[in-house]
J.: 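Here it is, the structure, as structure tokens.
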Amino acid sequence: MASDCLPQIHLAAVHAAAGYSGDTLGLGIACRRGDILASAGFYRNSIARHSNYAIVGCQSFVVGGIRWGPFAGVASGYLYRNGNYLPVGGLVASIPIPLGELHIAVIPKTVVSPMTAEASIAFQF
């Protein structure tokens, strides 16, 4: 089975606390092979720094055509030196849309940010 890889645009983030930017535009690639979703790219994070990220998730639950499941990975740019990578994890839902897939990731509170929901679109051509 081949992987399907699509260009991805990181759109926005919503935080459970004030003081964080929701404008988190960025570019990446999202690849799917069966239940496995992997994504990597860069974006301007919610504290106005450049971030790189890489995640992998297992979306073995499907409800009404929406795939969801846990994910784990790493992200940079949240500490004083942008090169530091921190672990990240949570739940990700993939919603089919006419353009491709809308991805909604929910990340619980961490030592560097409050609970966050992020949105991105992987475009199908």
Side-chain angles (χ1 to χ4, degrees):
M1 172 192 284
S3 295
D4 291 324
C5 293
L6 302 172
Q8 183 177 41
I9 295 178
H10 193 280
L11 298 172
V14 177
H15 301 84
Y20 294 88
S21 174
D23 181 14
T24 57
L25 292 176
L27 296 173
I29 188 165
C31 299
R32 176 176 299 288
R33 183 170 183 169
D35 293 343
I36 304 301
L37 174 68
S39 181
F42 65 92
Y43 63 102
R44 183 144 178 98
N45 68 29
S46 56
I47 57 173
R49 293 189 181 144
H50 172 84
S51 283
N52 298 311
Y53 69 93
I55 66 107
V56 65
C58 181
Q59 295 181 304
S60 56
F61 302 101
V62 181
V63 178
I66 299 171
R67 295 174 174 265
W68 62 278
F71 76 91
V74 294
S76 70
Y78 289 91
L79 298 176
Y80 295 109
R81 290 166 283 166
N82 284 346
N84 291 330
Y85 282 83
L86 297 172
V88 63
L91 292 175
V92 62
S94 295
I95 304 162
I97 60 173
L99 297 171
E101 280 188 336
L102 172 65
H103 298 150
I104 305 292
V106 177
I107 303 165
K109 180 182 179 195
T110 68
V111 295
V112 295
S113 70
M115 187 172 90
T116 305
E118 299 180 333
S120 63
I121 294 178
F123 288 96
Q124 181 106 26
F125 294 99

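Note that the coordinates shown come from a computational prediction; the quantities given were computed from them, not determined experimentally. Positions are given from 1 along the sequence.
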J.: Return the minimal non-hydrogen interatomic distance between C5 and I29, and the atom names on each side.
T.: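 The pair with the smallest heavy-atom distance is CB-CD1, 3.9 Å.
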J.: Report the distance from atom CG of L11 to atom CD1 of I121, rounding to the nearest 0.5 Å.
T.: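 Reported value, rounded in 0.5 Å steps: 5.0 Å.
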J.: Between S94 and R32, is there a side-chain heavy-atom distance shorter than 4.5 Å?
T.: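 Counting from C-beta outward, R32 and S94 do come under 4.5 Å.
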J.: Consider only side-chain heavy atoms of I, L, V, M, F, W and Y, link residues closer than 4.5 Å, and tell whether V92 and V56 are in one cluster.
T.: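 No; tracing contacts between hydrophobic side chains, which count when under 4.5 Å, never links both residues.
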J.: Return the minimal non-hydrogen interatomic distance between Y78 and V112, and the atom names on each side.
T.: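 For Y78 and V112, the tightest heavy-atom pair comes out as CB-CG2, 3.9 Å.
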J.: Of all the heavy-atom pairs spanning P108 and G90, show the shortest one and how long it is.
T.: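 Looks like CD-CA, 4.0 Å.
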J.: Could you check whether any side-chain heavy atom of L25 comes within less than 4.5 Å of a side-chain heavy atom of D23, counting everything from C-beta outward?
T.: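 Touching, per the 4.5 Å side-chain cut-off.
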J.: With the side chain counted from C-beta on, respond yes when N45 and Y20 share a heavy-atom pair under 4.5 Å apart, and no when they do not.
T.: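 With C-beta onward as the side chain, the pair stays apart.
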J.: Using atom types as modelled and distance alone, determine if a side-chain donor or acceptor of E118 lies under 3.5 Å from a backbone N or O of H10.
T.: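 Checking the backbone N and O of H10 against the side chain of E118, no donor-acceptor pair under 3.5 Å is found.
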J.: Are L86 and Y53 in one and the same hydrophobic cluster, where Ile, Leu, Val, Met, Phe, Trp and Tyr link if side-chain heavy atoms are under 4.5 Å apart?
T.: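 Same hydrophobic cluster.
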J.: Can you name the closest pair of heavy atoms from V74 and V88 and give their distance?
T.: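 For V74 and V88, the tightest heavy-atom pair comes out as N-CG1, 3.7 Å.
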J.: Specify the closest pair of heavy atoms between A93 and I66, including all atoms of both residues, with the distance to one decimal.
T.: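 Smallest interatomic distance, heavy atoms only, reads CB-CG2, 4.2 Å.
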J.: In Å, rounded to the nearest 0.5 Å, how long is the span from OG1 of T110 to CE of M115?
T.: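 Output value for this atom pair is 12.0 Å.
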J.: Hey, what do you get for CD1 (I47) to NE2 (H15), rounding to the nearest 0.5 Å?
T.: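 The CD1 atom of I47 sits 9.0 Å away from the NE2 atom of H15.
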J.: Which pair of heavy atoms, one from R49 and one from G77, lies closest together, and at what distance?
T.: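 So the minimum-distance heavy-atom pair works out to CD-O, 3.2 Å.
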J.: Can you find a pair of side-chain heavy atoms, one from L27 and one from I9, that are under 4.5 Å apart?
T.: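 The answer is yes; the side chains approach within 4.5 Å.
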J.: Among residues two or more places apart or on two chains, list those pairs meeting ring-ring contact (aromatic ring centres under 6.0 Å, His included) that have a residue in residues 94-124.
T.: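 ring-ring contact (aromatic ring centres under 6.0 Å, His included) check on residues 94-124 returns no pairs.
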J.: How far does SG of C58 sit from CG of L37, to the nearest 0.5 angstrom?
T.: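 Reported to 0.5 Å precision, the distance equals 10.0 Å.
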J.: Rounded to the nearest 0.5 Å, how far does CG of D35 lie from CD of Q59?
T.: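 With rounding to 0.5 Å, CD (Q59) is 8.0 Å from CG (D35).
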J.: Within the side chain of S51, is there an N or O that forms a donor-acceptor pair under 3.5 Å with the backbone of S76?
T.: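 Looks like yes, one N/O pair under 3.5 Å.
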J.: Consider only side-chain heavy atoms of I, L, V, M, F, W and Y, link residues closer than 4.5 Å, and tell whether F71 and W68 are in one cluster.
T.: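 No; W68 is not reachable from F71 via cluster members.
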